Protein chains: 2
Amino acid sequence: MLANDPTEILKRNQLKNTKQRVRVLEEIGADDAAISQPDLEKKLGKEIDRVTLYRILNAYEDKGILHRIIDHNGTANYAICSSNCSSHHHQDEHVHFNCSICAKVYCLPVNVPQITIPNGFKTESISFVAYGVCDKCSAEN
Amino acid sequence: MLANDPTEILKRNQLKNTKQRVRVLEEIGADDAAISQPDLEKKLGKEIDRVTLYRILNAYEDKGILHRIIDHNGTANYAICSSNCSSHHHQDEHVHFNCSICAKVYCLPVNVPQITIPNGFKTESISFVAYGVCDKCSAEN
DNA sequence: TTAAGATATGCAATTGTATTGCATTAATTA
DNA sequence: TAATTAATGCAATACAATTGCATATCTTAA
């Protein structure tokens, strides 16, 4: 019944309930920060084939289950969408923070501010990523 | 004497004046939008080795001559910094626009708005990329 | 103007990231 | 539980990025 129970999420999105898909949701849900594709692969590489992992992540992004954040290095990071995101229209456009030391990507509780875009440009989504040193890495130095 | 004359830029930044470096600056300066690494490689691949191109781009970014914008796909795009950027502290933090049709990255004349970051996080730079359809592609459809 | 030193370049090899096609396996449903 | 439908794993491939090293080029100081 939990809204973020993997089985529930899969059912809600008409995706087959496979152990690989459940594992991906568990792994991403377990982390407070977003998790990168390479890290996911390190954690799940023995259970799930690389290709399957890519396909699962793409399927989740299409359904709006995950959102993808491209970090400073161009690496894909994934986090579970907080609320009603739909295909190709993610509602949770909050600010992300990418740490230059631990490389983690955090979802900050800060909304992306409104801006005025020149005429003729049609905005579909916005990526706002602050880059710097996170609280944990700041404290350790 | 022009501030964006390639030879001047190289001298100002204590970089050796080589024909490869001049060509990269010419090519990036010629485009109104930022240009992607793959496109640069297509244009310059016969004159400049891939590896050299990567090294030149990195050197320029370190010196603050270029700024790098990671687009929606994680691809690096480069544009000439408008004004006094220094190593690792790029001043021109304006909004970028990444077109989903032509894939171009535009530097918009809009500054990145200020936001409040949680305590402990130290921001060094900000990436603000709006994703959607650009004015030219909108007009064509 | 040129020789010496410092640095950039190109090549070959390697690593990492992402995608495609296809045979096999697993999940759903009636 | 059998039939259908979709997901997975494997092999192959494409593309992006980096490293080490020999060679070539630029700069400078005589």
Side-chain angles (χ1 to χ4, degrees), chain A residues 5-27 34-63 65-66 68-78 87 98 103 105, chain B residues 5-27 34-63 65-66 68-78 87 98 103 105:
Chain A
D5 171 59
T7 301
E8 279 302 311
I9 292 174
L10 292 171
K11 186 171 287 178
R12 200 161 55 227
N13 289 279
Q14 297 156 308
L15 292 171
K16 277 190 182 172
N17 181 337
T18 68
K19 63 177 188 299
Q20 293 88 341
R21 285 180 174 166
V22 171
R23 289 291 295 119
V24 170
L25 286 176
E26 284 173 353
E27 210 56 60
I35 183 166
S36 70
Q37 197 285 333
D39 283 352
L40 266 177
E41 200 175 310
K42 274 172 212 142
K43 290 197 177 180
L44 296 171
K46 282 160 191 158
E47 305 173 55
I48 308 180
D49 184 79
R50 291 173 59 74
V51 178
T52 302
L53 181 54
Y54 278 111
R55 288 193 273 228
I56 289 174
L57 292 171
N58 284 335
Y60 285 178
E61 204 201 346
D62 282 351
K63 291 286 187 178
I65 298 169
L66 297 181
R68 188 184 62 173
I69 309 107
I70 301 291
D71 71 17
H72 194 254
N73 297 311
T75 304
N77 288 257
Y78 295 90
S87 310
N98 184 197
V105 172
Chain B
D5 172 61
T7 302
E8 280 302 311
I9 292 174
L10 292 171
K11 185 172 287 178
R12 200 161 56 228
N13 288 279
Q14 297 156 307
L15 291 171
K16 277 191 182 173
N17 180 337
T18 68
K19 63 176 187 301
Q20 293 87 341
R21 285 180 173 168
V22 171
R23 289 292 294 118
V24 170
L25 287 175
E26 285 173 352
E27 211 56 60
I35 182 166
S36 71
Q37 198 284 334
D39 283 351
L40 266 177
E41 201 175 310
K42 274 173 213 143
K43 289 198 179 182
L44 296 171
K46 280 159 191 160
E47 305 172 55
I48 308 179
D49 183 80
R50 291 174 58 76
V51 177
T52 302
L53 182 55
Y54 278 111
R55 288 193 273 229
I56 289 175
L57 292 171
N58 284 334
Y60 286 177
E61 204 201 346
D62 282 349
K63 292 286 187 178
I65 298 170
L66 296 181
R68 187 183 62 173
I69 310 107
I70 302 291
D71 71 17
H72 194 255
N73 296 309
T75 304
N77 288 257
Y78 295 91
S87 310
N98 185 197
V105 172

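In what follows, chains are A, B, ... by sequence order, proteins preceding strands, each numbered from 1. Remember, predicted model here, so these are calculated numbers, not experimental data.
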Report task. Return the set of residues passing side-chain contact (heavy atoms from CB on, under 4.5 Å) with L57(B) (not counting sequence neighbours), or none when no residue passes. Result -> V24(B), I28(B), Q37(B), L40(B), L53(B), L66(B), Y78(B)
Query raised in the report: Does H72(A) offer a backbone N or O that forms a donor-acceptor pair with the side chain of N98(A) under 3.5 Å?
Result: yes
Report summary line: The salt bridge (charged side-chain N to carboxylate O under 4.0 Å, His left out) partners of K42(B) (sequence neighbours excluded) come to D39(B)
Query raised in the report: Expressed in angstrom and rounded to an integer, what is the separation of R23(A) atom CZ from dA7(D) atom C1'?
Result: 17 Å
Query raised in the report: In whole angstroms, how far is the P atom of dT9(C) from the CD1 atom of I48(B)?
Result: 8 Å
Query - Whole angstrom value for the distance that separates P of dA26(C) from CZ of R21(A) - result: 15 Å
Query - Test item: K16(A) and L10(A) side chains (from C-beta on) under 4.5 Å apart, heavy atoms - result: no
Requested in this report: Could you check how far CD1 of I56(A) sits from P of dA27(C), rounded to whole Å?
Outcome: 12 Å
Query raised in the report: Do you know the tightest heavy-atom contact between P6(A) and V22(A)?
Result: CB-CG1, 4.0 Å
Query raised in the report: Whole-Å distance between dG9(D) C1' and K46(A) NZ?
Result: 18 Å
Query raised in the report: Checking N73(A) side chain against T75(A) main chain: does a donor-acceptor pair fall under 3.5 Å?
Result: no
Query raised in the report: Which heavy atom in A76(A) sits nearest to a heavy atom in I70(A), and how many Å separate them?
Result: CA-CD1, 4.2 Å
Report summary line: Counting primed atoms, P, OP1 and OP2 as sugar-phosphate and everything else as base, the B/S/- map of nucleotides 13-24 of chain C against protein heavy atoms under 4.0 Å is ----BBBBB---
Requested in this report: Given side chain to side chain contact (heavy atoms under 4.5 Å, CB included), test R68(A) with N77(A) step by step and report yes or no.
Outcome: CA-CA 6 Å; R68(A) 188 184 62 173; N77(A) 288 257; over 6 Å; no
Query raised in the report: Do the side-chain N or O atoms of Q14(A) get closer than 4.0 angstrom to the phosphate oxygens (OP1, OP2) of dA6(D)?
Result: no
Report task. Could you tell me, to 10°, how much the axis swings from one end of the helix from dT1(C)-dA30(D) to dA30(C)-dT1(D) to the other, five pairs per end? Result -> 30°
Query raised in the report: D49(B) has an atom CG; how far is it from atom P of dC21(D), in whole Å?
Result: 17 Å
Requested in this report: Quickly work out the E47(B) CD to dG10(C) C1' distance and round it to whole Å.
Outcome: 15 Å
Query raised in the report: Considering residues at least two apart in sequence or located in another chain, which fulfil the side-chain contact (heavy atoms from CB on, under 4.5 Å) criterion with V51(B)?
Result: D49(B), R55(B)
**Report entry** Salt-bridge contact R12(A)-E8(A) (side-chain N to carboxylate O under 4.0 Å)
**Finding:** no
Query - Closest heavy-atom pair and its distance - L15(B), K63(B) - result: CD2-CE, 4.0 Å
Requested in this report: Can you check each nucleotide of nucleotides 24-30 of chain D against protein heavy atoms at under 4.0 Å and return B for base, S for sugar-phosphate only, - for none, in 5' to 3' order?
Outcome: --BS---
Report task. Measure from NZ on K63(A) to P on dA6(D) and round the result to the nearest Å. Result -> 11 Å
